[in-house]
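Taking it in order: structure first as structure tokens, then the write-up.
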Amino acid sequence: MASSPTRPRARRPLHRRALTGVALTATALVTAGLLGPAGAAADTAPFESDAETSPNVSHVANLPKSEAMDDYNSDLAFTGDYAIGGNYNGFVIYDISEPEAPEVVSEVLCPGGQGDLSVSGDLVYFSVDYPRASDECGAPSVPTTDPDGFEGIRVFDISDKAAPEYVAAVATDCGSHTHTLVPGKDGEHDYVYVSSYSPNADFPNCQPPHDKISIVEIPTDAPSEAALVNEPVLFPDGGNTTTTGCHDITAYPEIDLAAGACMGDGILMDTSDPAHPVVTDVVQDENFAFWHSATFTNDASTVIFTDELGGGGGAICTDEYGEERGANAIYTIGGTDDEPELSFESYYKIPRVQTATENCVAHNGSLIPVPGQDFFVQAWYQGGVSVIDFNDPKNPREIGHFDRDPIDDEQLVLGGSWSAYYYNGYVYSSDITRGLDVLKIDDPRLRSAERVTYDEFNPQSQPSYRPGR
């Protein structure tokens, strides 16, 4: 679902700093009702934005991170009146029944790196990408060279939003940097496509070559029986020289299609048999440094791939890098259903030049569900949030934005919007350091999106939409 900003160490560190100031137990520690300062002050003072926005975008709320979630915020998923926010320390369940006054319902302290997540009914699937001594939530970090270290997928039951329960864990090779939910055809199983990369001969659980993904099957009525069921090799010929696994996959389950962003390659896959996906097309782009993520249009005629040049930690939105590096690449999908073909159309990068102290590059976004039209809202780290019209795939353009000043004018400090997603009338942005932001878009071109409502939304498991649904 998302990449991590580059820390001042290798992506797969031999040692991970210990969490201090918080007690850990052998099971998930759930703390209910931890309201951030914004929530606590909501009754006494009106919200004042600290960002610059275009006239059609309003910054309506911010809920700061709690002390327990003092590490990086990451991705988001949605169910009913709740948003679920990932964090390197675990995850947070937010009540968004009043979007302009969000509240924390519970926090699950269960460290393991990036914290990519998805939601399926009463279940949350959670990625662990830094090895722990065991699969217990309180287990300390261990070196990647430890053969007994745990990385992979954790499963939580959130039927009681105030008291989630940890129910299963499945180890996967190279851990789980991101993952993608693909519902089973029988309605009784979920399949989680686990993406990971950067193998090393010194890592016993992450051996090269790593040209595969891992697939975990979860019986939705018996999630404790979750298990690894397949490890399909997507690049039998090795792929691009920079490809050692995939970074992220976006599925469109209704039409059995998925797009993979696999470091040096962009791919399409047939997922008609969810446990056995088949690669149907591969594309490379000399301008791309790191194929990061993908989003289909509602009619699946076009796909947006993102390039995370600099790993999320670089100041890529400066004049030095120009208009096409660290950008989106828009491809149309031609050919046939059996043999689709990706054709490049254009690049898109935010037109707002950022400073050298702001990490900024294309990152996670979702469609704004305007039936028959193609609009996209997207996070750009400290480049903020961009609202994009790409109805003409050859000429995409920004039609709205949200952008804060640099965190620090003197030095580059990692921060900004990791993910920005449209959900039931609002845009929710997970800011790495500043917490959850809520935006409202008032634009006649996008008004019909407000008639599209979801009961559940995982941005990397795209639903189709139409008015009233």
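Below, all heavy atoms of this structure are taken into account, side chains as well, without hydrogens, waters or symmetry copies.
Remark: the E308 side chain and the H363 side chain contain an N/O donor-acceptor pair separated by less than 3.5 Å. When only modelled atom types and interatomic distance are considered, D70 and N89 share a side-chain donor-acceptor pair under 3.5 Å. Looking only at atom types and distance, the side chain of S127 has no donor-acceptor partner in the side chain of D129 under 3.5 Å away. In this structure, a donor-acceptor pair under 3.5 Å is absent between the side chains of H247 and S195. Between the side chains of D437 and N62, at least one donor-acceptor pair of N or O atoms lies under 3.5 Å. Donor-acceptor pairing under 3.5 Å is lacking for the side chains of Y421 and S429. Defined by atom type and a distance below 3.5 Å, a donor-acceptor pair is present between the side-chain atoms of T306 and S293. Side-chain polar atoms of S430 and S419 form no donor-acceptor pair below 3.5 angstrom. N359 and Q354 share no side-chain donor-acceptor pair at under 3.5 Å. When only modelled atom types and interatomic distance are considered, D173 and N205 share no side-chain donor-acceptor pair under 3.5 Å. At a cut-off of 3.5 Å, with distance as the only test, no side-chain donor of Y348 or Q378 sits close to an acceptor on the other residue. Counted by atom type alone, S118 and Q460 present zero donor-acceptor pairs between their side chains at under 3.5 Å.
Partners of E48 under the side chain to side chain contact (heavy atoms under 4.5 Å, CB included) rule, at least two apart in sequence or in another chain, do not exist in this structure. In this view, D285 satisfies the salt bridge (Lys or Arg N to Asp or Glu O under 4.0 Å) rule with no residue, not counting sequence neighbours.
The two residues P99 and S97 make their nearest non-hydrogen contact at CD-O, 3.5 Å. The two residues S386 and W380 make their nearest non-hydrogen contact at CB-NE1, 3.7 Å. The nearest pair of heavy atoms linking I158 to V119 is CD1-CG2, 4.1 Å. Of all non-hydrogen atoms in Q382 and T357, the two that sit nearest each other are NE2-O, 3.8 Å. Considering every non-hydrogen atom in both I350 and C360, the closest pair reads CD1-SG, 3.7 Å. When all heavy atoms of T318 and T355 are compared, the pair lying nearest together is CG2-O, 3.8 Å.
Proximity of L367 to P369: side-chain heavy atoms (C-beta onward) are nowhere separated by under 4.5 Å. Between Y88 and Y130, some side-chain heavy-atom pair lies under the 4.5 Å cut-off. A 4.5 Å side-chain heavy-atom check between Y94 and V105 finds every atom pair outside the cut-off. Here the side chains of W418 and N364 are in contact, with some heavy-atom distance below 4.5 Å. Using a 4.5 Å heavy-atom threshold, the side chains of F47 and V60 count as separate. Two residues are said to be in side-chain contact when any heavy atoms from C-beta on lie closer than 4.5 Å; V194 and I153 meet this criterion. Considering only heavy atoms from C-beta on, T244 stays 4.5 Å or farther from P209 through its side chain. Put simply, the side chain of Y193 reaches to within 4.5 Å of the side chain of P277, judged on heavy atoms.
When ring centroids are compared, F288 and F305 stay outside the 6.0 Å threshold. Taking the six-membered ring wherever Trp is involved, the centroid distance between the rings of H59 and F402 falls below 6.0 Å.
Under a 3.5 Å cut-off, the side chain of N298 and the backbone N or O of S464 do not form any donor-acceptor pair. Under the 3.5 Å distance criterion, the side-chain polar atoms of K349 are left unmatched by any main-chain donor or acceptor of G326. Listed for the D455 side chain is no donor-acceptor partner under 3.5 Å among the backbone atoms of G80. Without hydrogens or angle criteria, T243 side chain to G245 main chain gives no donor-acceptor distance under 3.5 Å. Listed for the S417 side chain is no donor-acceptor partner under 3.5 Å among the backbone atoms of Y381.
Summarising the local packing, CG of D299 is surrounded by more than 12 heavy atoms from other residues, nucleotides or ligands at distances under 6.0 Å. Around CD of Q284, the count of heavy atoms belonging to other residues, nucleotides or ligands within 6.0 Å exceeds 12.
Put simply, NE2 on H210 and CG on L234 are 9.5 Å apart, with the number rounded to the nearest 0.5 Å. Within the model, atoms NZ of K65 and CG of D71 stand 6.5 Å from one another, a figure rounded to the nearest 0.5 Å. In this structure, T172 OG1 and E151 CD are separated by 7.5 Å, a value rounded to the nearest 0.5 Å. The OG1 atom of T242 lies 12.0 Å from the OH atom of Y197; values are rounded to the nearest 0.5 Å. Between atom CG of residue N391 and atom CZ of residue R445 there is a gap of 10.0 Å, rounded to the nearest 0.5 Å. Of the inter-residue distances, the one linking I368 atom CD1 with I399 atom CD1 reads 6.5 Å to the nearest 0.5 angstrom.
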Exercise. Output, in order, the C-alpha distance, side-chain angles, deciding distance and verdict of side-chain contact (heavy atoms from CB on, under 4.5 Å) for T271 and L257.
Key: CA-CA 6 Å; T271 62; L257 184 65; 5.7 Å; no
Before you tell me yes or no, could you show the steps for D265 and N240 under side-chain hydrogen bond (donor to acceptor under 3.5 Å, both in side chains), namely the whole-Å CA-CA distance, both residues' side-chain angles and the distance that decides it to 0.1 Å?
CA-CA 6 Å; D265 297 87; N240 195 311; 4.9 Å; no
Between Y347 and N287, is the side-chain contact (heavy atoms from CB on, under 4.5 Å) condition met? List the steps. CA-CA 10 Å; Y347 295 112; N287 186 58; 3.2 Å; yes
Apply ring-ring contact (aromatic ring centres under 6.0 Å, His included) to residues F156 and Y125 and explain how you reach the verdict.
CA-CA 7 Å; F156 294 86; Y125 308 133; 10.0 Å; no
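A salt bridge links K440 with E450; the closest basic N to acidic carboxylate O contact falls under 4.0 Å. Electrostatic pairing of E345 and K394 counts as a salt bridge here, judged by a charged N lying under 4.0 Å from a carboxylate O.
Ring pair W291/Y331 is tilted by interplanar angle, where 30° to 60° counts as tilted.
For the side chain to side chain donor-acceptor pair (under 3.5 Å) test with E52, the passing option among R404, H401, R352 is H401; the others fail.
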